[in-house]
2 protein chains.
Amino acid sequence: MEKQIIEYLSKYTVITKELENAITESAFFKNYKKGDILLKEGGFSNECYFILEGCIRSYFLKDGEEKTIEFYTEEQVVTPANYAKSIPSKYYLECIEDTVLNVGNPALEKEMFDKYPQLESLSRVIAEIVIANHQETFTEFKTSTPEERYLYMLKTRPDLMQRASQYQIASYLGMKPESLSRIRKRLMKK
Amino acid sequence: MEKQIIEYLSKYTVITKELENAITESAFFKNYKKGDILLKEGGFSNECYFILEGCIRSYFLKDGEEKTIEFYTEEQVVTPANYAKSIPSKYYLECIEDTVLNVGNPALEKEMFDKYPQLESLSRVIAEIVIANHQETFTEFKTSTPEERYLYMLKTRPDLMQRASQYQIASYLGMKPESLSRIRKRLMKK
DNA sequence: TTAACTCATTGACTTAAGTTAAGAAATTAA
DNA sequence: TTAATTTCTTAACTTAAGTCAATGAGTTAA
């Protein structure tokens, strides 16, 4: 179980045996059931997550509808925007499958960063990769039609098509469920 | 001139006199004219920038049209996605005004991070803030109509309305220049 | 096993963005 | 200062997404 985290980090840099042990020993896990809410809109957060198994969806309510912000799956880090801050969350975090998480907190994070500066350095590098990836996704979104966005998602995150419901996917793609239904029908014929 | 960088960093943490001096002494500036290209699509980059004055636009070509990815203005950091990597850039960086930049490079960055770990720590913190801000912008974009997106930009980045041309703003907002023109006309009447 | 509920599909209609093309306005260069 | 070029606006038309409403399919719970 701990291995997954080490494997993930090892993609970016060499993890010394010492650091590996420190991470393994301090690792803390939690299990959630499908439908469990990790964070509520208006709530506070002192936890960040690394997904070992399962899927988390972030969403908020607008005009009485759920608007999906993001889907997080295996090997992804979820840091609530209000993590370690005393401001209320703007969104929900919900497990849309049974989910196993590695859970972090500000105190542990600080302790680890102080003890192993290379870990904070690695976090910076990963954060910058996340920024670059995010910008690419956003750009793709802005320059595409709803149909193209659906096709792009099919190509880049095909697993989500099975894991999430259509109305969740629709709002993630910035469209109405009816439109997604029609797009799928249209593409069937081709 | 150096003061701006120190002021910017001081928003997030206390900058010791020693670090301030190190930053000030190693700071390197460049001046550009309106229209100058900092990076070409397909080109390589070993520079990152902190904008002291002016405006940089990132864009690429799709279907023969310029698609604006982002506008960067005073106090913003521009790190090309291929910075310090041997992969070609997917986009252009263009000064849309006369611009004054503080220029960084991988070697200097490494030297400073090694000497002042708190600077790398700060970079991580800022990177995470950038991620949170970016996600909020993307979410706002996804859940809004083109007209709402225009109004949102008017509210959050009013200066850009003067600094960039309409076709640049239109593609930044994910619409055609004709649509932006019509939206503006529609809003005039209200 | 049925009843209740949620989710997905379909159809008719409305609305606004895309497309194409022309011309006006503004900017830049000769 | 004029000519050339670029940018912006407008109009007519096409296309597809949003809206509203009904129905069908699938899931969950009594």
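Remember, it's a predicted structure, so these values are computed and weren't measured experimentally. Sequence lines set the chain letters: A, B, ... in the order given, protein chains first and strands last, and positions in each chain run from 1. Side-chain atoms are counted along with the backbone in the values below, which use heavy atoms only and exclude waters and symmetry mates.
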Chemist: Do we get B:K11 above B:Y8's six-membered ring, with its NZ or CZ under 6.0 Å from the centre and within 45° of the axis?
Modeler: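 Ring-cation test returns no.
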Chemist: Can you find a side chain N or O atom of A:Q168 that sits less than 4.0 Å from OP1 or OP2 on C:dC7?
Modeler: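 No, outside the criterion.
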Chemist: Give the rounded distance in Å between these two atoms: CD of B:E148 and P of C:dA16.
Modeler: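 The distance from CD of B:E148 to P of C:dA16 comes to 11 Å, rounded to the nearest Å.
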Chemist: Which part of the nucleic acid, if any, lies within reach of A:P177 when heavy atoms closer than 4.0 Å are counted: base, sugar-phosphate only, or nothing?
Modeler: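 Nothing, no nucleic acid heavy atom in range.
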Chemist: Rounding to an integer number of Å, can you tell me how far A:Q162 CD sits from D:dG26 P?
Modeler: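 In whole Å, D:dG26 P lies 16 Å from A:Q162 CD.
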Chemist: Would you kindly give the CD-to-P distance between B:E147 and D:dG18, to the nearest whole Å?
Modeler: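 Whole-Å distance recorded here is 15 Å.
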Chemist: Where each residue is assigned the nucleotide of DNA chain C containing its nearest heavy atom, which of A:E178 and B:G174 is assigned the position nearer the 5′ end?
Modeler: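 Nearest-nucleotide comparison on DNA chain C picks A:E178.
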Chemist: How are the rings of B:H134 and A:H134 set to each other: parallel, tilted or perpendicular (split at 30° and 60°)?
Modeler: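 The arrangement is tilted - the two ring planes meet at 30° to 60°.
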Chemist: Which sits closer to the 5' end of DNA chain D, B:A164 or A:E65, going by the nucleotide each is nearest to?
Modeler: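 Closest to the 5' end, via its nearest nucleotide, is B:A164.
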Chemist: Starting at CZ of B:R186, measure out to OG of B:S181 and round the result to the nearest 0.5 Å.
Modeler: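 One finds 11.0 Å between CZ of B:R186 and OG of B:S181.
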Chemist: Does NZ or CZ of A:K30 come closer than 6.0 Å to the centre of the six-membered ring of A:F28, within 45° of the ring's axis?
Modeler: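 Here A:K30 fails the 6.0 Å and 45° test against A:F28.
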Chemist: Measure OH/B:Y167 against P/D:dT10 and give the value in whole Å, please.
Modeler: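 My rounded result for the distance is 20 Å.
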Chemist: In whole Å, what is the span from the NZ atom of A:K176 to the P atom of C:dC13?
Modeler: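 Going from NZ in A:K176 over to P in C:dC13 covers 22 Å.
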Chemist: Nearest 0.5 Å please: distance from the CZ atom of B:R184 over to the CD1 atom of B:I169.
Modeler: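 The distance works out to 7.5 Å.
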Chemist: Atom CG of B:L151 to atom C1' of C:dA16: distance rounded to whole Å?
Modeler: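 Rounded to the whole Å, the gap is 15 Å.
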Chemist: State which of C:dG18, D:dA17, C:dT9 makes the closest approach to the side chain of B:M175.
Modeler: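 The closest nucleotide is C:dG18.
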Chemist: Of the candidate nucleotides D:dT7, C:dT9, C:dT19, which contains the atom at the shortest distance from the side chain of A:S181?
Modeler: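 Between D:dT7, C:dT9, C:dT19, the one nearest the side chain of A:S181 would be C:dT9.
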Chemist: Is any side-chain N or O of A:K185 closer than 4.0 Å to OP1 or OP2 of C:dT9?
Modeler: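 So the side chain of A:K185 is outside the cut-off, no N or O lying under 4.0 Å from OP1 or OP2 of C:dT9.
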Chemist: Please confirm whether any donor atom in the side chain of B:R182 sits under 3.5 Å from an acceptor in the base of C:dG18, or the reverse.
Modeler: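 In this structure, the two groups form a donor-acceptor pair.
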Chemist: Examine D:dA17: is either OP1 or OP2 under 4.0 Å from a nitrogen or oxygen in the side chain of A:R186? Give yes or no.
Modeler: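 Looking at the OP1 and OP2 atoms of D:dA17, one of them is under 4.0 Å from a side-chain N or O of A:R186.
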Chemist: Taking for each residue the nucleotide of DNA chain D with the nearest heavy atom, is it A:L180 or B:S179 whose nucleotide lies nearer the 5' end?
Modeler: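 Of the two residues, B:S179 wins.
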Chemist: In whole angstrom, what separates A:I183's CD1 from D:dT15's P?
Modeler: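 To the nearest whole Å, that distance equals 17 Å.
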Chemist: What is the distance from CE of A:M188 to P of C:dA8, rounded to the nearest Å?
Modeler: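 About 14 Å, once rounded to whole Å.
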